[in-house]
Amino acid sequence: MAEPKIKLDEVLHVAELARLQLSDDEARQMQAQLDSILGYLAELDELDVSDVEPTFHSIPMDAPLRRDVPVPCSDRSEILAEAPESEAGGFAVPLVLEVDS
Amino acid sequence: MAGYEPVIGLEVHAQMRSRTKLFCGCPTDYGAPPNEHTCPVCLGLPGALPVPNEKAIELAVRAGLALGCQVAPHSRFARKNYFYPDLAKGYQISQFELPLNEKGHLDIEVEGEAKRIGITRIHVEEDAAKNLHGIGSGAVTLVDFNRAGTPLIEIVSEPDLRGADEAEAYLKKLRDILMFIGVNDGNLEEGSFRCDANVSIRPAGQTELGTRAELKNINSFRFVKKAIEHEIARQEGVLQGGGEVVQETRTWLEAQNKTVSMRGKEEAHDYRYFPDPDLPPLAFDAKRIEALRQALPELPEAKRARWQKDLGLTEYDAGVLSAHPEVAKYFEAAAEALAKRADKMKASEAGKKVGNFIQSEVLRHVSTDGLSATFPVGPSAVAGLLAVVEDGTINGKIAKKVFATMVDTGKSARAIIDEGGFAQVTDKGAIEDEVRRVLEANPSQVQQYKGGKTGVLGFFVGQVMKATQGAANPKMVNETLKRLLDAP
Ligand SMILES: [Zn+2]
């Protein structure tokens, strides 16, 4: 088997960033799948694109801009009702410690 | 002891003063109850489409132009990915490749020496929400999305700063400029002007950079200096002890007077930026950039130089009167109004008089809050008061009393003088009577004067002014005294 395009520890790093917990089997399965995807995309490397402008966006247009005028906001009670937990007008999440000391 | 050279680069996040958020129409007002200023866009709900705020983008260009940047004809937004409760979407919309502004600079002065600090880039991004701790039951963190989506510029300097003093000078000047061009309210305490510092040290003479620590949470100018000085000392201690500086994020704890490591943040530095598919590129043609350049307000440094040249101010006066954009506007309006009212008064004379009066009488009644300021009376009222001093109706001492009444009642100087008998005594006969009385009451001083000690003239003037409760025209008192004393 050729050298895989993505190493197992890279798979685990990306999983960690995405907050995914993968078993050893799952990690190896992901590695194989990602390897084939990357191999497929690598075919693009064979093209000479040195004269092609990079594509900024799939639709060739400039960003439309919005005037700086306030509009009504959402109803807070409706918004908070969608959250698993809320308290004192805020979305309640597990306690975050900002500093280790 | 080996000599080390500190190398510092600063990243400043400044909130821009637009009325609405960067990608939605929610207001940016500070102080609303939690989550009242939110909508599907700034809450990151699926399917919501961000649309950039034209005013915010223009303010960012204005900042770029004021700091000598090149404005990109095309720039683009990117997603910066990380997980944190203050970021509902799981990414922050920022700029990575092709930022709006690049390659600027800021000239600072430390101990009389000028130095140019490079600005790598100024890009546009949205602010995160605010995490509130220890509120309610205390067992949870509460997230308030009112601040989420507030437009920010991040101003990234080159690692050109060589000490805490230079860092402080850079930040003060940057804040000053952003306030004068109306981009930011300069409020460090409320977090609308925030600074992170990248600090490393290297043996003097070495060109290669040392490993840097990123300092966060520096929210006052005093902290900036202390935090950077402490961090430099800490790194020196580590190197001298034979250790190695670790690349990490540290936060300044003011209460404990030290920086501490924020462990476990390293992995989170892998942001996997990619172009935001929701946002097409931002276009700025040369004509529009030029129009914004023409509309750029006068920068504080240019203003101070002009005041010294044309409005008769010293460097010190110019500094005091330009400490806040609204004070600067007030001074200019009052000086212009006085020059117009008073006959044949030169702009420099009017500027000097107004400048002195504002500093000695007005400023102590002025309070500022962000970019706004409250004044006791309008600038034209001050000009009106100084105009009646100029035409001799009252003297400078009475003017202070009249001003106090203006502050209390809101009436004009002229109305107060007409009502209150503050008008100056210019009656030649009355002044001469008073002068004669003072001379008769002080024969020994008269002898001193006649014996050549002309310095006692000031004593006589003081006595006459006292007797008339400051109402006599000082110039006439002087002339009358000299005439009577010098008479054979
Ligand atoms: Zn919104």
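FYI, side chains are in, hydrogens and waters are out, and symmetry mates aren't considered; it's all heavy atoms of this structure. Reminder, nothing fancy here: chain letters follow the sequence lines and each chain counts from 1. This one's a predicted model, so the numbers in the text were calculated from it and none came from an experiment.
- Contact of B:C42 with chain A is not made at all, since no heavy-atom distance falls under 4.5 Å.
- With a 4.5 Å cut-off on side-chain heavy atoms, B:V143 and A:V93 count as touching.
- Summarising the local packing, CZ of A:R67 is surrounded by 12 or fewer heavy atoms from other residues, nucleotides or ligands at distances under 6.0 Å.
- Looking only at distances, a side-chain donor or acceptor of A:R76 sits under 3.5 Å from a matching main-chain atom of B:P34.
- Taking A:I59, A:V69, A:D75 one by one and counting their heavy-atom pairs under 4.5 Å with chain B, the maximum is reached by A:V69.
- Summarising the geometry, atom CZ belonging to B:F83 is positioned 8.5 Å from atom CG belonging to A:L17; distances are rounded to the nearest 0.5 Å.
- In this structure, the portions of B:P281 lying under 4.5 Å from any heavy atom of chain A include both its backbone and its side chain.
- No part of B:K130 comes within reach of chain A, as not one of its non-hydrogen atoms sits under 4.5 angstrom from that chain.
- Residue with the most contacts toward chain B among A:S86, A:P60, A:P70: A:P70 (heavy-atom pairs, distance under 4.5 Å).
- Other residues, nucleotides and ligands place more than 12 heavy atoms under 6.0 Å from the CD atom of B:E290.
- How far OG1 of B:T38 is from CG of A:L80: 7.5 Å, rounded to the nearest 0.5 Å.
- Most heavy-atom pairs under 4.5 Å with chain A, from the set B:A283, B:P40, B:P27, B:P52: that is B:P52.
- For B:L22, the part lying under 4.5 angstrom from a heavy atom of chain A is the backbone only.
- Residues A:R66 and B:T20 bring a donor and an acceptor atom of their side chains to less than 3.5 Å of each other.
- With a threshold of 4.5 angstrom between heavy atoms, B:R76 approaches chain A through side-chain atoms but not through N, CA, C or O.
- B:C26 pairs in a side chain to side chain contact (heavy atoms under 4.5 Å, CB included) with only one of the listed residues (A:C73, A:S74, A:P72), which is A:C73.
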- Quick one: do B:L142 and A:F91 satisfy side-chain contact (heavy atoms from CB on, under 4.5 Å)? Show the steps, please. CA-CA 5 Å; B:L142 297 179; A:F91 293 90; over 6 Å; no
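- Counting non-hydrogen atoms of other residues, nucleotides and ligands closer than 6.0 Å to NZ of B:K89 gives a total above 12.
- Of the possible donor and acceptor atoms, none in the side chain of A:D68 sits under 3.5 Å from a partner among the backbone N and O of B:N53.
- Neither the backbone nor the side chain of B:L132 comes within less than 4.5 Å of any heavy atom in chain A.
- Distance CD/A:E16 to CG/B:D270: 11.0 Å, rounded to 0.5 Å.
- Side-chain contact between B:V140 and A:L95 is absent, with no heavy-atom pair separated by less than 4.5 Å.
- Of all the listed residues (B:K21, B:H37, B:E36), the one sharing the greatest number of non-hydrogen pairs under 4.5 Å with chain A is B:E36.
- Only the backbone of B:F23 comes within less than 4.5 Å of a heavy atom in chain A; its side chain stays farther off.
- Taking both residues in full, the closest heavy atoms of A:A63 and B:L282 are given as CB-CD1, 4.2 Å, listed atom of the first, atom of the second, then distance.
- Among B:S18, B:P275, B:A56, the residue making the largest number of heavy-atom pairs under 4.5 Å with chain A is B:S18.
- Ranked by heavy-atom pairs under 4.5 Å with chain A, the first of B:P85, B:G25, B:P280, B:G90 is B:P280.
- With chain A as partner, the option from B:E97, B:H74, B:E54, B:K55 having the largest number of non-hydrogen pairs under 4.5 angstrom is B:E54.
- Contact of A:I79 with chain B is made through the side chain alone, with heavy-atom distances under 4.5 Å.
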